[in-house]
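From a predicted model like this one, the values you see are computed outputs, not experimental measurements. Keep in mind that the numbers below use all heavy atoms, side chains included, and drop hydrogens, waters and symmetry copies.
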Amino acid sequence: MSGDDNSEAKKYQDRLSRMAKRWVGEKDVGTEVRQLDRTRSTHRLERIARHVAPVPSAGAPDSSGSAGYVHETRQVPVAASCEVLVVGGGPSGLSAALGARRAGANTMIVERFGCFGGTISTVGMETIGWYRYEGTVDEGNGIGMEMERQAERMGGSTKFPYNDSMCLNAEEFKFVADRLVSETGVRPRLHSMAVDAIVVENTIKGVIVESKSGREAIMADRVIDCTGDADVAYFSGARFSELPLEKNLGVTPVFNVKGVDKTRFREYVANNAGTYEHWVKGWDYETSGKETHLKSPMFSDEMDKARADNVIPEEKDVAIVGSWSTLSEEGEVQNLNLNAKLRNTAMTVGVRDSRKIVGKYNLTGTDCTSQARFSDSIGIFPEFLDGYNILVLPTTGRYMQVPYGCLVPDVDNLLVAGRCVSGDAVSHSMTRNMMCCTVTGQGAGVAVAISVRLNQSTKSVDIKKRSNSTKSIWNFDTDILDDLEFDVKGYRELQCARDDENNVEPGINI
């Protein structure tokens with residue numbers, strides 16, 4: 001090989017090395033290279049700007065030295081308006097939309113994917129709650145439990161093998177969610193991602209979404225952020241907390257398989273059932289002690305053998321674990337890594353940890369482990385903690401009340417539900433669980449409906465006077481709920497007329 005060839009090969013290898021380092025977030029590329037990359041990026045942005053903007057305007061470099069781009073002011077059409085807008089169609093968003101609509105509010109739900117269900121349908125985490133060992137006390141009349149019962153009636157669920165939990169079929173749950181949304185009269189909008197918030201004098205007025213139709217505005221009297229990552233709260237300027245990346249809980253893609261020999265599999269797990277005493281080897285986790293004898297679906301020994309046999313790789317910062325939840329009559333095993341036919345894969349990763357708002361009340365780990373009671377309770381959740389090396393299963397009947405204050409950010413007429421409610425890391429190991437997300441979602445939905453009905457903002461509405469503090473927000477005074485009854489047919493006729501008005505409604509400048 002000639003000297004020129006060697007030189008070119010070295011340049012190529014160096015470039016690949018720099019690219020790989022950027023992909024994994026390493027920062028040890030040289031100052032000269034970083035400056036070159038910034039210059040190239042600046043020129044690329046300027047070239048793009050000349051094509052997309054009639055009068056491009058160069059932005060000042062930010063603190064890292066990267067050039068920005070100032071977008072021109074433009075008018076955005078108003079696609080719809082409503083009393084309550086729910087952003088995010090996962091367990092918390094569905095519960096919020098159903099809760100608000102059933103309490104009488106004109107409700108719309110926006111989802112970035114083409115289906116509802118969130119982590120269930122897009123990640124393949126096919127259970128709302130897997131923790132129901134004997135002694136668990138749950139919010140039995142909540143929408144989360146209703147989703148499970150609806151799935152069971154429609155043949156879309158299977159009992160968990162070791163306790164009273166229900167496992168769902170992700171594909172069939174899409175239909176369950178569609179039916180609940182349709183029958184309740186919630187207006188759905190799919191394939192639409194929230195990209196900004198409309199805020200006037202610290203009060204949210206709507207959300208900007210983007211889809212194949214371009215950028216549009218949806219105006220709302222109240223907004224519930226069920227994005228999981230507090231996106232709307234972030235766009236609104238609300239305060240939030242965030243752990244350092246290295247302390248965050250991991251993200252997970254899930255896949256399910258089929259074609260398993262049912263007889264052999266059942267014999268194997270019967271003779272080799274694990275317990276939570278040896279849940280996942282190598283994880284330094286803490287339990288309360290009462291969980292150690294309970295059967296666990298984790299395959300710790302099997303995964304260790306697979307690593308020893310080089311069947312699965314050892315990778316830095318990547319943990320490949322084996323677990324299962326149900327075995328169907330068709331030989332479909334959910335949440336399991338086996339040598340079998342692939343049934344389905346996740347369309348995105350399941351995120352456990354990101355932004356959490358700074359709320360009117362910030363939950364603590366002590367609240368979760370001391371059966372906390374609140375005068376503004378919107379629901380209950382059992383003493384189940386899972387995360388940050390903590391595992392507590394709810395086998396004693398203990399539970400805490402969830403306060404309205406943890407949903408309330410410092411932007412008015414905006415509530416936040418799901419795993420981004422306000423609290424510390426230990427409380428997050430409870431509130432991030434999907435069934436708890438349905439509790440905060442339902443509570444937020446009913447609360448904003450009453451806020452609209454009473455013409456009081458989300459910060460000023462007095463939940464204390466309206467709720468029975470021993471249970472949930474559904475125990476409001478009956479005279480108020482009677483006033484909030486609605487007729488779905490009449491509502492839809494009214495909404496059609498309102499949509500017609502939206503066709504001529506002026507846009508807004510952003």
Determine whether M435 and E148 satisfy the following criterion, side-chain contact (heavy atoms from CB on, under 4.5 Å), listing intermediate values before the conclusion.
CA-CA 10 Å; M435 188 59 76; E148 289 186 335; 3.9 Å; yes

Does T107 reach the main-chain N or O of A105 with its side chain, forming a donor-acceptor pair under 3.5 Å?
yes

Under 3.5 Å: donor-acceptor pair, side chain of D229, backbone of R355
no

Taking only residues two or more places apart in sequence or in another chain, which ones pass ring-ring contact (aromatic ring centres under 6.0 Å, His included) with F173?
none

When you compare the side chain of L363 with that of M430, does any pair of heavy atoms fall below 4.5 Å?
no

About how many Å separate CZ of R222 and SG of C82, when rounded to the nearest 0.5 Å?
11.5 Å

Yes or no on side-chain hydrogen bond (donor to acceptor under 3.5 Å, both in side chains) for R419 and S354, after CA distance, side-chain angles and deciding distance?
CA-CA 9 Å; R419 62 178 169 83; S354 57; 3.0 Å; yes

Under a 3.5 Å distance rule, please check whether D353 uses its side chain to pair with a backbone N or O of L249 as donor and acceptor.
yes

Checking T369 now: which residues fulfil side-chain hydrogen bond (donor to acceptor under 3.5 Å, both in side chains) with it, not counting sequence neighbours?
none

Can D424 and K356 be counted as an ion pair, charged N to O under 4.0 angstrom?
no

Do R112 and T227 have a side chain donor and acceptor closer than 3.5 Å?
no

Tell me if a side-chain donor or acceptor on Q371 pairs with a main-chain N or O of R398 at a distance below 3.5 Å.
no

In short, E383 meets C368 closest at the heavy-atom pair CG-O, 3.7 Å

When you measure from the side chain of N433 to the backbone of D386, do you find a donor-acceptor pair of N or O atoms at a distance under 3.5 Å?
no

Any Lys/Arg nitrogen of E111 or K174 sitting under 4.0 Å from an Asp/Glu carboxylate oxygen of the other?
no

Tell me whether K459 is salt-bridged to D412, with the criterion being a basic N under 4.0 Å from an acidic carboxylate O.
no

Atom pair CG (L190) and CD1 (I109), whose distance is rounded to the nearest 0.5 Å
8.5 Å

